[in-house]
Engineer: 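I'd like to ask some things about the structure below.
Fair warning: this is a prediction, and the values are worked out from it, not measured in the lab.
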There are 2 protein chains.
Amino acid sequence: MAYEQLKLDNQLCFRLYTAARLTMGTYHPYLDPLGITYPQYLVLLVLWEQDKQPVNDIAHKLFLETNTVTPLLQRMEKAGLVKRAKGKEDTRQRIVSLTKKGIAMREQAKHIPDCLSDEIIKISGEEEEFVRMIPTLDKLIEGLKQQ
Amino acid sequence: MAYEQLKLDNQLCFRLYTAARLTMGTYHPYLDPLGITYPQYLVLLVLWEQDKQPVNDIAHKLFLETNTVTPLLQRMEKAGLVKRAKGKEDTRQRIVSLTKKGIAMREQAKHIPDCLSDEIIKISGEEEEFVRMIPTLDKLIEGLKQQ
DNA sequence: TCAATTTATATCGTTCACGATGCAAATATA
DNA sequence: TATATTTGCATCGTGAACGATATAAATTGA
């Protein structure tokens, strides 16, 4: 069968695409009460690690384009989570910093990763199998990130 | 460190999310010439396996909601790839079938999975490691799919 | 120093993804 | 059989993603 390759079952990408969507869905019960989305949570993770970063740095750490991150940050600014100030050395830059609300959310969010781990353990009985994917995913991301 | 869990590096979901996006990006050179997107390609895969399916069946096979698939199919109908006819037994259903153009595209697309495998081999040196993720991803999807 | 190029961000248009809601047809139940 | 519920699909609104394009500031180079 010449078309065997076209079967959905054979596709790795389809599984990544589906697993990513469904996994993001499991964050809903934890992020909805905070009034944020998953990509916004990722931006907060980046800023909690280091406050006051230009748009480009945030975008790079998330492997996103600035034309995705800019509107994301605008919505987050509107929601009072971040401020966007003009850069002092380089005025083209927009330095993104956390507001008090954005800083405070760290405390509310700190249990989310453990909760998600628990969800995955509940699903699978054991976590190890999923943790074992991490280096492979990193390899894939590393290989694909330069265009 | 109480916040150690909140480091981006620790997150599995972030890797799935990123790997999925970047992998979908590698389809662009193959799908752009056909004038279709990755989700549209997935719909075609489903219909190439079995033509004439109601919206619900397509949505289920892709783990998507009908409110995602309906507009997708409307765009594909506009592009002349599929037709959407009222069901005969159950008139609530919309039976989606391939047009000649949609059928013909199967031939043009049949090398895409091999091309993608080659891309991944080029990145990694070997394919096995990625293939080994498949059962784990299936387990994850299986566990998450019932909401 | 002044024009050319690069860089940082923003804007626009299109396509998902999905929660919420609507509606008509089919099915179940009283 | 009349009413209630469920089912299948569609519509609407919002928030990503991302290609293409724009714009102003910084940098390079003649």
Engineer: Select base, sugar-phosphate, or nothing to describe what Phe63(A) touches, counting heavy atoms under 4.0 Å on all strands.
Structural biologist: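 The residue Phe63(A) makes no contact with any strand.
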Engineer: Which part of the nucleic acid does Thr37(B) contact within heavy-atom distance under 4.0 Å: base, sugar-phosphate only, or nothing?
Structural biologist: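 Counting heavy atoms under 4.0 Å across all strands, the contact made by Thr37(B) is with sugar-phosphate only.
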Engineer: Quick one: CG on Leu12(B) to CG on Leu116(A), what's the gap to the nearest 0.5 Å?
Structural biologist: 9.0 Å
Engineer: Parallel under 30°, tilted from 30 to 60°, perpendicular over 60°: which one fits the rings of Tyr38(B) and Tyr27(B)?
Structural biologist: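 Tyr38(B) and Tyr27(B): tilted rings.
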Engineer: Starting at atom CG of Leu72(A), determine the distance to atom P of dT11(C), rounded to an integer number of angstrom.
Structural biologist: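 So the two atoms are 14 Å apart, to the nearest Å.
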Engineer: Of Thr66(A) and Leu22(A), whose nearest nucleotide on DNA chain C comes first from the 5' end?
Structural biologist: Thr66(A)
Engineer: Just how far, in rounded Å, is P of dA17(C) from CD1 of Ile58(B)?
Structural biologist: 15 Å
Engineer: Let's see if you can work this out: which of dA26(C), dA17(C), dC9(D) has an atom nearest to the side-chain heavy atoms of Pro54(B)?
Structural biologist: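 Out of dA26(C), dA17(C), dC9(D), the nucleotide with an atom closest to Pro54(B)'s side chain is dC9(D).
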Engineer: Across the strands shown, which category fits Asn67(B) at heavy-atom distances under 4.0 angstrom: base, sugar-phosphate, nothing?
Structural biologist: base
Engineer: Rounded to whole Å, please give me the gap between CD in Glu65(B) and C1' in dC16(C).
Structural biologist: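 Checked: the CD to C1' distance equals 14 Å.
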Engineer: Considering heavy-atom distances to DNA chain D, does Thr91(A) or Pro39(A) have its closest nucleotide positioned more toward the 5' end?
Structural biologist: Pro39(A)
Engineer: Would you state whether a donor and an acceptor, one from the side chain of Arg92(A) and one from the base of dT9(C), lie under 3.5 Å apart?
Structural biologist: no
Engineer: Counting only N and O atoms by type, is there a donor-acceptor contact under 3.5 Å from the side chain of Thr23(A) to the main-chain atoms of Cys13(B)?
Structural biologist: no
Engineer: If you pin Arg21(B) and Ile95(B) to their nearest nucleotides in DNA chain D, which one's is more 5'?
Structural biologist: Ile95(B)
Engineer: Scan Asn56(A) against the nucleic acid and name what it touches under 4.0 Å (heavy atoms): base, sugar-phosphate only, or nothing.
Structural biologist: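 Sugar-phosphate: the residue Asn56(A), judged by heavy atoms under 4.0 Å, touches backbone atoms but no base.
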Engineer: Taking atom C1' of dA25(D) as reference, at what distance in whole Å does atom NZ of Lys86(A) sit?
Structural biologist: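 Rounded to the whole Å, the gap is 11 Å.
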Engineer: Is the closest side-chain heavy-atom distance between Leu72(B) and Ile58(B) below 4.5 Å?
Structural biologist: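 They are not in side-chain contact.
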Engineer: Expressed in angstrom and rounded to an integer, what is the separation of Arg75(A) atom CZ from dA16(D) atom C1'?
Structural biologist: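 My rounded result for the distance is 6 Å.
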Engineer: Could you tell me how far apart Ile36(A) (CD1) and dG19(C) (P) are, to the nearest whole angstrom?
Structural biologist: 17 Å
Engineer: Between Gln53(A) and Val46(A) (side chain of the first, backbone of the second, donor and acceptor by atom type, cut-off under 3.5 Å), is there such a pair?
Structural biologist: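 Yes.
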Engineer: With rounding to the nearest 0.5 angstrom, report the CG to CE distance, Leu144(A) to Met24(B).
Structural biologist: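 That separation rounds to 13.0 Å.
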Engineer: What is the distance, rounded to the nearest whole Å, between atom CD of Gln74(B) and atom C1' of dA10(D)?
Structural biologist: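 So the CD-C1' distance, Gln74(B) to dA10(D), works out to 7 Å.
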Engineer: dA10(D) phosphate, OP1 or OP2: any side-chain N/O from Thr70(B) under 4.0 angstrom?
Structural biologist: yes
Engineer: So, does Arg84(B) get its side chain near the phosphate of dA10(D), meaning an N or O under 4.0 Å from OP1 or OP2?
Structural biologist: yes
Engineer: Would you say Tyr17(B) reaches dA16(D)'s phosphate, i.e. side-chain N/O to OP1/OP2 under 4.0 Å?
Structural biologist: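 For dA16(D), neither OP1 nor OP2 has a side-chain N or O of Tyr17(B) closer than 4.0 Å.
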Engineer: Nearest to the side chain of Gln93(A), which nucleotide is it out of dA16(D), dA8(C), dC9(D)?
Structural biologist: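 It is dA8(C).
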Engineer: Counting the atoms with a prime plus P, OP1 and OP2 as sugar-phosphate, which does Thr68(B) contact under 4.0 Å by heavy atoms, base, sugar-phosphate, or nothing?
Structural biologist: base
Engineer: Has the side chain of Arg94(A) got a donor or acceptor atom sitting under 3.5 Å from an opposite partner on the base of dT9(C)?
Structural biologist: no
Engineer: Give the rounded distance in Å between these two atoms: OH of Tyr38(B) and P of dC18(D).
Structural biologist: 14 Å
Engineer: What nucleotide among dA26(D), dA16(D), dA17(D) has an atom nearest to a side-chain atom of Met24(A)?
Structural biologist: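 Looking only at heavy atoms from C-beta outward on Met24(A), the closest nucleotide is dA17(D).
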